[in-house]
Amino acid sequence: MDYLAGLNEPQQQAVLHIEGPLMIIAGAGSGKTRVLTFRTAHLIEKGVDPFQILLLTFTNKAAGEMRQRIEKAVGKDAKNLWMGTFHSVFAKILRFEGKHLGYTPDFSIYDTDDSKSLLKSIIKERGLDDKIYKPNVVFNRISGAKNRLVGPDEYLNNPVIVADDAAAKLPEIGRLYKLYTTRCFQANAMDFDDLLFNTNVLFRDHLEVLDKYQRKFKHIMVDEFQDTNVSQYLITKKLSAKSNNLCVVGDDAQSIYAFRGASIDNILNLEKDYPDLTTVKLEQNYRSTNTIVQAANTVIAKNKSQLKKRVFTENEEGSLIELIKAVSDNEEGRLIATHIFESKMAKGLRNTDFAILYRTNAQSRSFEESLRKLNIKYRIIGGLSFYHRREIKDLLSYFRFVVNQNDEEAFKRIINLPKRGIGDTTVAKITITAAEQKIPVWEVVANIRNYQVGRFSDALEGFSDLIKSFKIMLENPKKDAYEVASHIAKSSGLLKELHDDKTVEGMSRYENVQELLNSIKQFVDNPETEDKTLSSFLQTVSLLTTADDDDPEGDNDRVTMMTIHGAKGLEFNHVYIVGLEEDLFPSQMMLQSRADLEEERRLFYVAITRAEKRLVMSYAESRYQYGRLKPCEPSRFLDEIDPMFLEFARNIRKAVEPIERPAGFVRNITSELSSSNRATPAASLGNGYRGSTSPSANVAPRPSAVSSPASTHVPSADFAPSNTANLKEGDKVEHQKFGFGNVKKMDTNGTDRKATIIFEKGVGEKTLLLSFARFYGVSHVQFLLIGWL
DNA sequence: TTTGCGCGGGTTTTT
DNA sequence: CCCGCGCAAA
């Protein structure tokens with residue numbers, strides 16, 4: 001047990017504890033991941049079969065990283081651990097066991113958009129006004145109920161809830177809940193909450209199944225326990241009832257997901273459910289300077305619901321926290337970007353040492369612009385994820401419908417795409433008929449002549465023939481997911497439609513679709529993929545978390561930007577917490593809806609404790625919103641860390657002047673952006689709120705459902721995108737993954753265009769099929785700044 | 001059924 | 001400011 005040497009006493013205690021329930025209260029930066037890793041390794045060393053260990057993490061990425069670390073300690077055995085998010089692990093189990101509840105293994109997973117869209121249809125069908133019954137509100141209400149394990153019937157029979165809805169003048173919600181549930185079931189679909197809810201139902205009603213998994217999982221560990229909801233907690237409680245080996249790790253001070261049903265009580269009350277609970281507190285922070293630790297402690301000191309603990313550090317005092325006051329959000333962006341630039345130069349830091357954390361995704365705009373101007377590379381985590389882009393959802397919907405013909409939401413999306421002359425009226429008729437007769441939509445579509453659905457049967461028959469042909473291909477065991485997927489993309493006409501769209505947007509859409517196909521190829525080629533069906537790909541994809549949206553292979557030296565929620569579990573040398581303004585952070589909404597500042601404080605606590613060495617905060621005195629400049633007050637949080645604040649307020653930075661460019665800094669003149677695939681940020685970004693506009697295509701990370709190096713495999717593509725049409729020998733190019741290079745040779749083979757490129761960095765010579773390659777730009781098109789000489 | 005125009009409302013965080 | 005919706009016209 002050589003690894004025990006590096007651990008402090010409570011850490012060792014946690015690692016060595018094997019039998020019986022254990023709660024590890026792990027303060028920020030206290031080495032929680034190490035403890036979990038070593039504890040797992042220790043279990044395996046003591047003879048526990050990895051198949052019997054279930055480790056539930058908050059993101060799939062966290063699971064992957066931890067698996068690697070465990071593998072380092074114990075070797076290949078780590079492969080057999082059950083690890084993942086609650087949603088992904090139990091979705092997997094439901095694929096096997098869903099039959100007990102009437103689902104097939106191919107059930108669809110509805111994302112939030114699908115759920116809301118379905119709710120909207122139901123609301124309209126019931127003749128209710130969707131301005132009063134806002135799908136959003138109804139959905140949240142239903143989601144809340146599910147997370148507390150209140151099913152539709154219990155909902156309708158619960159006088160308190162009913163009275164509540166009546167008081168809110170929304171008495172129909174219970175009915176809607178019931179209908180929604182029925183429709184999802186008919187569609188052979190589960191939403192995110194259902195994955196947990198149904199797991200609970202499964203374990204409640206099918207004791208033989210519960211017993212099977214109780215025997216299977218002898219040791220259960222839950223990371224980020226403070227962010228589990230009742231539904232999740234009950235699953236772990238049931239599963240561990242036989243073995244009594246439940247180990248939870250969490251920090252009540254970092255509970256920031258109450259809005260989605262997480263209950264801090266899980267952690268506060270665990271002792272009641274487990275009288276023989278052993279509690280270990282990890283209170284020493286190894287991450288941050290003392291200044292940062294103390295500031296963080298001050299922020300949550302006034303919170304009422306928390307466990308007693310004292311986070312301390314033996315690290316150096318560190319530099320004072322800095323506060324930057326800007327006139328506007330744009331200036332804020334400039335000041336922060338310049339600050340980063342200066343620190344980088346002064347201390348020889350890399351981009352990855354920096355993170356900018358904000359409360360809402362929409363705030364990223366000003367920082368993007370400013371960083372770009374200083375040629376600092378960045379990446380945005382979160383925001384509009386790749387899989388929520390329209391074109392991606394469209395194609396995925398095709399896949400979903402071919403796999404599961406009951407999937408009503410997928411059906412609605414693709415029935416008239418590309419345009420077949422089937423309008424909303426017809427679609428509504430079909431879905432209503434299906435719902436009334438309690439049959440799947442597909443029944444109606446496939447036998448359209450038997451149903452009175454108007455005169456457009458021809459178009460509908462064309463559609464159903466198309467789906468039938470896809471289905472036949474899907475069921476052919478010789479065809480892998482990639483072949484089926486690319487066939488669907490082509491034959492449906494989706495690819496063609498996007499290819500014909502010559503706008504910048506259209507071309508980027510086309511590339512995204514190619515990118516999706518590419519990732520399916522990688523999924524299929526990946527030797528670690530057990531189940532290579534399209535259905536399995538869909539399941540994987542639906543449960544990706546935002547943090548998984550990362551590109552481990554690419555040029556990774558980038559400043560990270562994300563919401564504070566997204567930053568949980570991460571650490572950075574220098575952290576900027578921006579937009580510290582009243583109503584923004586703490587959020588107006590949060591205070592209105594829950595009238596409680598505590599979670600916002602914890603959020604601030606999380607943000608502060610991400611920093612290792614240096615912490616900078618900023619606020620703007622005015623901010624663009626709906627195109628208008630609005631005055632802002634500094635956040636009350638600045639007062640909450642009062643003693644610190646007074647001290648560092650004296651150190652408020654001078655406004656930073658634009659830096660002078662050192663000699664040798666090359667600026668390459670830009671021209672003609674038109675044929676580039678750059679998302680022309682300057683043009684599309686007004687001064688105001690960016691909303692859900694895609695975050696600058698050129699810097700946003702690529703999707704990596706399944707990541708692997710850019711494919712050298714060359715599938716046939718029918719269309720070559722025109723943005724690389726002018727590429728010729730001798731051109732200098734920048735590729736998203738491989739960096740700069742020179743085009744050595746161009747090959748045209750039918751419609752396929754290949755470029756052989758010699759890259760400057762390491763990778764050497766590569767031949768890339770242009771439709772699958774992504775370039776920032778082509779030399780005669782533009783580069784802003786090439787770099788330092 | 002599709003398209004174009006005018007109007008109103010929207011902004012939290014995520015599996 | 002931008003998106004999505006409802007309504008009217010083609």
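- A/Phe585 comes within 4.0 angstrom of no nucleic acid atom, judged by non-hydrogen atoms across all strands.
- Remark: A/Arg610 pairs with A/Gln254 by the side chain to side chain donor-acceptor pair (under 3.5 Å) rule, at least two apart or across chains.
- Between the side chains of A/Ser618 and A/Glu332, at least one donor N or O sits under 3.5 Å from an acceptor N or O.
- Backbone-only contact: A/Asn416 has heavy atoms under 4.0 Å from sugar-phosphate atoms and none from a base.
- The salt bridge (Lys or Arg N to Asp or Glu O under 4.0 Å) check on A/Arg67 picks up nothing, with sequence neighbours excluded.
- No close placement of the A/Tyr358 and A/Tyr576 rings is indicated, their centers lying 6.0 Å or farther apart.
- Regarding A/Ile256, its CD1 atom lies at a distance of 17 Å from the P atom of B/dT12, rounded to whole Å.
- The interatomic distance linking A/Glu581 (CD) with B/dT12 (C1') rounds to 15 Å, in whole Å.
- The base of B/dT15 is paired with the side chain of A/Thr112 by a donor and an acceptor separated by under 3.5 Å.
- The aromatic ring of A/Phe259 does not sit over the base of B/dT12; the criterion of centres under 5.5 Å apart with planes under 30° is not met.
- For A/Arg359 and B/dT12, a side-chain-to-base donor-acceptor distance below 3.5 Å is present, hydrogens and geometry of angles not being considered.
- Between A/Tyr257 and A/Phe58, the distance separating the two ring centers is shorter than 6.0 angstrom.
- Classification of A/Arg602 and A/Glu599 as a salt-bridged pair holds, one side-chain N sitting under 4.0 Å from a carboxylate O.
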Using the 3.5 Å cut-off, write out each protein N or O paired with an N or O of nucleotides 4-10 of chain C and the distance between them.
residue	atom	partner	partner atom	Å
C/dC5	OP1	A/Lys120	NZ	2.8

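- In this structure, the CG atom of A/Asp113 is 14 Å from the C1' atom of C/dC3, given to the nearest Å.
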